[in-house]
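The next block holds one structure in the form of structure tokens; read it before the comments.
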Amino acid sequence: EADIYQTPRYLVIGTGKKITLECSQTMGHDKMYWYQQDPGMELHLIHYSYGVNSTEKGDLSSESTVSRIRTEHFPLTLESARPSHTSQYLCATRTGASSYNSPLHFGNGTRLTVT
Amino acid sequence: DAKTTQPTSMDCAEGRAANLPCNHSTISGNEYVYWYRQIHSQGPQYIIHGLKNNETNEMASLIITEDRKSSTLILPHATLRDTAVYYCIVRAYMYSGGGADGLTFGKGTHLIIQP
């Protein structure tokens with residue numbers, strides 16, 4: 001079972017602020033992902049990483065950026081938050097070996113509200 | 001990836017078996033069927049996956065038809081805590097080349113367990 005920690009769990013912040021959402025995992029998984037989900041809607045992949053110093057944009061365009069300096073951390077940053085960024089952000093991991101047969105493991109998400 | 005079709009919502013009485021259908025009529029020979037669920041305000045939770053044989057684990061059973069065009073997730077003795085949105089996803093194995101290999105989540109089935 002993968003242990004994935006996302007902080008903060010809830011965040012309310014004003015427009016224009018810089019924010020960083022943290023995601024860390026203890027399983028040493030190579031692959032990490034960020035999904036965005038609006039209430040009652042589908043999950044959309046916004047970023048992913050296959051290992052240290054590897055980051056790519058996902059299927060849904062996002063103004064956020066990510067970094068992967070260490071295997072266990074995959075933070076997501078918004079340089080200037082806007083109300084349109086209000087959403088739930090979910091971090092996930094999977095082992096790099098045989099990824100076709102390895103499930104995604106999710107954290108409990110960060111619910112972001114930008115006022 | 002093949003698209004999936006699921007009912008929007010279903011009810012099931014507590015203690016009874018919950019049978020959640022999924023249609024994936026355009027599935028390819030190398031695509032796995034994955035099931036996840038998402039309880040309100042939490043990240044998605046992996047349940048089970050399979051290619052063509054029926055699968056069972058401690059959470060559920062997965063029945064895949066012989067032609068692989070549909071599948072059914074079975075929760076043998078549903079409890080109130082099984083109320084959630086259930087996602088059926090198909091994903092190719094031996095994914096190669098560029099691009100994300102994160103799973104694509106649709107709208108899922110909202111399963112409501114009635115006391």
Side-chain angles (χ1 to χ4, degrees), chain A residues 1-6 9-10 21 23 25 29-51 54-62 66 74 87-111, chain B residues 1-6 8-9 27-53 55 57-60 62 73 84-110 112:
Chain A
E1 186 76 25
D3 291 321
I4 304 169
Y5 305 99
Q6 290 190 245
R9 185 79 174 87
Y10 300 94
L21 308 184
C23 176
Q25 50 111 350
H29 286 174
D30 290 324
K31 298 189 172 186
M32 297 189 73
Y33 308 79
W34 277 103
Y35 284 82
Q36 183 176 342
Q37 183 181 33
D38 292 333
M41 302 299 286
E42 301 166 39
L43 285 80
H44 294 285
L45 180 68
I46 54 175
H47 297 283
Y48 62 100
S49 167
Y50 287 166
S54 154
T55 62
E56 300 288 345
K57 290 192 178 293
D59 304 323
L60 180 69
S61 175
S62 173
V66 292
F74 191 38
S87 190
Q88 176 162 252
Y89 293 84
L90 292 154
C91 181
T93 77
R94 79 196 315 176
T95 179
S98 301
S99 65
Y100 69 90
N101 204 22
S102 64
L104 281 173
H105 299 277
F106 282 85
N108 278 329
T110 293
R111 191 171 295 277
Chain B
D1 295 336
K3 288 195 170 188
T4 62
T5 304
Q6 298 178 253
T8 303
S9 65
I27 193 170
S28 302
N30 64 349
E31 289 184 311
Y32 277 74
V33 180
Y34 291 83
W35 282 85
Y36 283 75
R37 72 180 182 185
Q38 187 174 24
I39 297 170
H40 182 62
S41 297
Q42 297 182 20
Q45 177 189 23
Y46 165 77
I47 301 173
I48 199 167
H49 73 284
L51 183 61
K52 53 185 177 182
N53 297 323
E55 303 286 345
N57 62 21
E58 65 278 5
M59 289 182 68
L62 173 61
L73 179 75
V85 177
Y86 286 77
Y87 299 99
C88 169
I89 304 162
V90 293
R91 191 64 170 89
Y93 80 99
M94 294 183 68
Y95 186 86
S96 62
D101 66 348
L103 298 175
T104 300
F105 289 76
K107 295 190 187 304
T109 295
H110 187 194
I112 299 171

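Letters A, B, ... are given to chains in the order of the sequence lines, protein chains preceding strands, and every chain is numbered from 1.
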>> So that I know where these two stand, are B:Phe105 and A:Tyr33 an aromatic pair - ring centroids less than 6.0 Å apart?
In response: no
> Is chain B contacted by the side chain of A:Leu90, its backbone, both, or neither, given a heavy-atom distance below 4.5 Å?
Replying inline: side chain
> Quick one: what part of B:Gln38 sits under 4.5 Å from any heavy atom of chain A, side chain, backbone, both or neither?
Replying inline: side chain
> Is B:Tyr36 reaching over with its side chain to a backbone N or O of A:Leu104, donor-acceptor style, under 3.5 angstrom?
Replying inline: yes
>> Let me confirm one number: the CE-NZ distance from A:Met41 to B:Lys107, rounded to the nearest 0.5 Å.
In response: 4.5 Å
> Which bit of A:Glu56 is near chain B, if near means a heavy-atom gap under 4.5 Å: side chain, backbone, both or neither?
Replying inline: neither
> What's the shortest heavy-atom distance between A:Asn108 and B:Gly43, and which atoms?
Replying inline: OD1-N, 3.5 Å
> Which atom pair, heavy atoms only, marks the closest approach of B:Tyr46 to A:Pro103?
Replying inline: CD1-CB, 3.2 Å
> Listed by chain and number, what are the side chain to side chain donor-acceptor pair (under 3.5 Å) partners of A:Thr55, not counting sequence neighbours?
Replying inline: none
> So, for B:Tyr87 and A:Gln37, which heavy atoms are closest and what is the spacing to 0.1 Å?
Replying inline: OH-NE2, 3.5 Å
